[in-house]
Amino acid sequence: MMRGLSIVCLAAAGLIAAAASVSAQSPANQGAPANQGAQENVRASQQYESLLCSNPAFRAKRIAQECGPVTDPQLHQSCLASFECGAAMRHSNRPPPSETVR
């Protein structure tokens, strides 16, 4: 239990550090094109997804935070589906569950 909590804390610290480096702009980057910010955002998203799919404790914590409060069964299932990992989910051209029209 304590080891899992330590891993989650380390993962959270890593995400905070990554977010800080993405959001912080040095004077040298002030004139950088807007595309650079978009690329940093993509890298941060990929890092988050990698952590989400490689660290079961982190994934479970995020699912509990995001999906735990959802009481509607269909929305809860959609929330759980948004945390799926695997090549089929990552490389799909399907819209996210939140944008699926039923």
**Request:** Applying side chain to side chain contact (heavy atoms under 4.5 Å, CB included), run through R59 and C85 and close with a yes or a no.
**Result:** CA-CA 10 Å; R59 182 172 182 267; C85 293; 4.1 Å; yes
**Stepwise side chain to side chain contact (heavy atoms under 4.5 Å, CB included) check, C67 with F83** = CA-CA 10 Å; C67 303; F83 283 93; 3.8 Å; yes
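V42 belongs to no hydrophobic cluster with other residues, because no ILVMFWY side-chain heavy atom falls under 4.5 Å from its own, directly or through intermediates.
Remark: R43 pairs with E40 by the side chain to side chain donor-acceptor pair (under 3.5 Å) rule, at least two apart or across chains. Under the rule for a side chain to side chain donor-acceptor pair (under 3.5 Å), Q46 has no partner lying at least two apart in sequence or in another chain.
Residue pairs meeting the salt bridge (Lys or Arg N to Asp or Glu O under 4.0 Å) criterion with at least one partner in residues 63-77, sequence neighbours excluded, are R62-E66.
Side-chain atoms of S78 never come within 3.5 Å of backbone atoms of Q74 as a donor-acceptor pair (strictly under, hydrogens ignored).
For the atom pair CD1 of I63 and CG of L52, the computed distance is 7.0 Å after rounding to the nearest 0.5 Å.
Scanning all heavy atoms of the two residues, the minimum distance from A64 to P69 falls at O-CD, 3.8 Å.
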